[in-house]
Structures are given as structure tokens and as C-alpha cells.
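Side-chain atoms are counted along with the backbone in the values below, which use heavy atoms only and exclude waters and symmetry mates.
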Amino acid sequence: MRVAIIQARCGSTRFPEKIFADICGLPLIWHVIDRLSYCTKIDKKMIATTINKSDNSLEKWAKEQCVPVFRGSENDVLNRYYRAAKSLDLKDEDIIIRITADDPFKEPALIDKVIETVEKREADFAYNNNPPTFPEGLDCEVFTMQSLETADKNATDSYEREHVTQYMYRHPEIFKGKNISQSDDLSYIRLTLDTAEDYKMTSEIYQHLFKENHLFTLIDVLRLFEKYPEIREINSAVKRSDMYKNTNHGKNQ
């Protein structure tokens with residue numbers, strides 16, 4: 001079994017209710033789930049949200065879309081993930097794909113490639129962001145149920161509890177990890193949605209490229225940037241994730 005667990009909640013400091021932000025007439029969370037439907041190696045999708053009342057609307061929406069929902073701790077996201085996986089009765093060797101709900105540009109072929117790395121037992125924890133060569137927002141982390149259980153049982157640091165995979169990154173002696181990279185370093189590009197600037201850029205890209213029942217890819221986005229470089233500049237000043245902000249690439253490259 002290969003399950004994508006989508007980490008989502010309505011609360012957001014910089015962009016409240018962003019998972020329901022309108023993009024081409026559909027909510028952000030719809031687009032995230034829709035792009036996963038193009039993956040060939042995902043058997044099941046589930047949303048893992050919090051027990052907060054503010055997330056009642058997310059649970060209601062998910063049920064209307066026939067997407068299973070698990071509700072758990074807001075801050076102990078690691079345990080929320082583990083309990084969500086347990087609710088599906090996953091076995092040790094079953095595979096979990098970690099998806100964040102603010103990334104409407106996930107690349108299905110890339111996700112399949114990372115899944116395949118774990119599926120072939122080349123790693124029990126595979127990722128494409130350490131170090132990153134893909135744009136921020138195309139992150140993909142895949143691990144076995146056994147790895148998730150080990151992390152949940154042993155992680156004590158609050159940062160490790162809040163960020164699902166940090167215990168795995170910090171303990172390579174326990175987890176056989178593998179990074180998937182590409183020759184062209186595109187980590188200077190930001191394709192995630194966390195601010196008003198990100199939303200504006202995302203909306204611009206979708207207005208140009210989105211059609212229902214049609215998948216646009218990173219190549220399409222890059223071609224769009226070549227034609228309209230001003231679109232990529234919209235969110236160029238946004239504070240980046242620690243993993244990406246030290247890139248050597250200039251914003252005009």
C-alpha cells in the first residue's frame with residue numbers, strides 16, 4: 001500500500017484559510033489533491049488535520065469530496081501522521097508519501113520517482129530536498145510505515161515533533177536515506193503558497209496553464225517564466241524556508 005497523507009489545517013499566521021484560497025474557481029486544497037491523482041504509484045490519499053474547531057470546515061469539505069480525514073494534534077504533527085497511518089492499518093513495509101497542502105505545483109512524475117526509490121528498497125526514507133535542486137514547493141518525502149513508527153516512538157525534540165521527518169534526517173545511522181536530485185539547480189525558484197505574494201503568483205500561473213482534466217508540469221511553468229519573467233518576480237522577496245534561502249542563485253537567473 002502506498003498512501004499520500006496530506007498535512008493540512010485552516011489556521012495560518014501569514015495567510016489564514018489559505019487551503020480554501022480560490023484558484024481558477026476551485027480551492028487550493030482541491031488542486032493539491034487533483035495533482036496527486038496523476039501519480040501512478042499512489043494507491044490512497046488521506047488528509048491529516050487538527051482537532052481544532054477551525055478545521056471542522058476542512059473535514060466537512062473532505063467528506064464531500066470522498067477524501068478520508070484523520071484529526072489529531074495541531075503541534076505534534078509527527079504523532080498526527082503516525083496515528084493517521086495507523087488508522088489505515090498499514091504494515092511495516094507500506095509506503096507513506098508526505099504532502100503539504102500549500103504546494104499546488106507538486107510534480108507527479110517526481111513523486112513517483114521518489115516513491116520508487118523506497119519501493120525498490122534503495123532507501124527507507126527518500127526525499128528530493130536535502131540538498132534541494134528542485135523549486136521550493138516541489139518537495140517530496142517518502143518513508144516506510146516502520147520508519148514513521150520509529151520516529152514517533154523516539155523523537156523528543158519539539159522541532160522533530162512539529163516537522164514530521166526531522167528525526168529521520170537527524171539520524172542517518174537509523175534510517176537509510178537517499179536524496180533525489182537533478183543536474184539543473186532550480187532551488188532558487190519559489191513555487192509554494194504561504195503569503196499574499198505567493199497567492200498572486202500562483203493565480204497568475206494557473207490562469208495561464210490550468211485546465212481541468214489536464215496536467216501542466218514544471219516544464220510548462222518554466223516556459224511561462226521565460227515568456228513572462230515578471231510573474232516569477234512577484235514573490236521573489238518572500239522570506240524562504242531555511243533549506244532554500246542560502247541558495248547561490250540570484251533572483252534574475
Side-chain angles (χ1 to χ4, degrees), residues 4-9 12-15 18-19 21 23 28-29 31-33 35-36 39 77 97-115 125-143 159 162-166 168-169 177-206 208-210 215-226 228-253:
I5 299 182
I6 304 155
Q7 178 180 326
R9 63 188 179 95
S12 172
T13 304
R14 295 204 282 183
F15 198 139
K18 67 181 176 182
I19 60 170
I23 303 173
L28 167 64
I29 185 68
H31 289 289
V32 173
I33 293 172
R35 292 186 69 83
L36 294 179
C39 294
V77 190
I97 303 95
R98 182 187 179 215
I99 299 294
T100 41
D102 49 6
D103 294 336
F105 297 98
K106 292 297 192 194
E107 193 82 345
L110 176 58
I111 293 172
D112 283 341
K113 185 174 182 179
V114 182
I115 292 171
F125 173 38
Y127 39 85
N128 70 326
N129 55 11
N130 189 31
T133 53
F134 295 92
E136 181 176 7
L138 270 67
D139 313 59
C140 180
E141 296 172 322
V142 178
F143 38 86
Y159 186 77
E162 182 181 357
H163 301 279
V164 178
T165 53
Q166 286 306 305
M168 299 182 200
Y169 282 119
K178 183 173 182 178
N179 185 59
I180 306 303
S181 62
Q182 61 179 7
S183 56
D184 293 333
D185 186 357
L186 301 177
S187 60
Y188 60 94
I189 298 175
R190 178 178 170 86
L191 291 175
T192 188
L193 202 164
D194 196 36
T195 68
E197 293 86 355
D198 293 333
Y199 176 58
K200 183 178 179 182
M201 188 198 73
T202 297
S203 297
E204 287 279 349
I205 295 172
Y206 265 75
H208 283 279
L209 300 178
F210 174 71
L215 176 72
F216 69 85
T217 67
L218 177 59
I219 292 174
D220 297 314
V221 175
L222 295 177
R223 287 173 179 163
L224 185 68
F225 286 166
E226 287 181 5
Y228 303 105
E230 65 273 15
I231 294 178
R232 189 166 73 81
E233 293 298 312
I234 293 172
N235 68 349
S236 61
V238 175
K239 182 181 178 182
R240 314 201 68 198
S241 165
D242 289 343
M243 188 172 285
Y244 290 87
K245 66 184 180 182
N246 293 323
T247 177
N248 292 323
H249 292 276
K251 66 180 182 180
N252 294 320
Q253 291 185 334

Can you tell me how far apart [atom1] ([X]) and [atom2] ([Y]) are? Round to the nearest 0.5 Å.
X	Y	atom1	atom2	value
I6	K106	CD1	NZ	10.5 Å
Y228	I234	OH	CD1	12.5 Å
T202	L28	OG1	CG	8.0 Å
Q7	T100	CD	OG1	6.5 Å
D220	L215	CG	CG	8.0 Å

Which atom pair, heavy atoms only, marks the closest approach of [X] to [Y]?
X	Y	answer
V114	C140	CB-SG, 3.9 Å
V238	T195	CG2-OG1, 3.6 Å
N128	L138	ND2-O, 3.0 Å
P104	R35	O-CD, 3.1 Å
L191	P135	CD1-CB, 3.9 Å
D103	V32	O-CG2, 3.8 Å

Before giving the answer on side-chain hydrogen bond (donor to acceptor under 3.5 Å, both in side chains), spell out for T192 and D194 the whole-Å C-alpha distance, their side-chain angles and the decisive distance to 0.1 Å. CA-CA 7 Å; T192 188; D194 196 36; over 6 Å; no
Do [X] and [Y] have side chains that get closer than 4.5 Å, going by heavy atoms?
X	Y	value
I205	F225	yes
V221	I189	no
I23	L193	yes
L36	I99	yes
R98	F143	yes
E141	N129	yes
R223	F216	no
T217	E107	yes

Aromatic contact between F125 and Y169, with the criterion being ring centroids under 6.0 Å apart: yes or no? yes
Output all residues satisfying side chain to side chain contact (heavy atoms under 4.5 Å, CB included) with D112, sequence neighbours left out; order by chain, then residue number. C39, T40, K41, I115
Side-chain donor-acceptor pair under 3.5 Å between S181 and N179, yes or no? no
Tell me, please, which residues at least two apart from F210 pass ring-ring contact (aromatic ring centres under 6.0 Å, His included). H31, Y206
Criterion side chain to side chain contact (heavy atoms under 4.5 Å, CB included) on T165 and Y127, from CA distance to verdict: CA-CA 10 Å; T165 53; Y127 39 85; over 6 Å; no
Considering residues at least two apart in sequence or located in another chain, which fulfil the side chain to side chain donor-acceptor pair (under 3.5 Å) criterion with K178? E122
With side chain to side chain contact (heavy atoms under 4.5 Å, CB included) as the criterion, how do M201 and I231 come out once you've worked through the C-alpha distance, each side chain's angles and the decisive distance to 0.1 Å? CA-CA 6 Å; M201 188 198 73; I231 294 178; 3.9 Å; yes
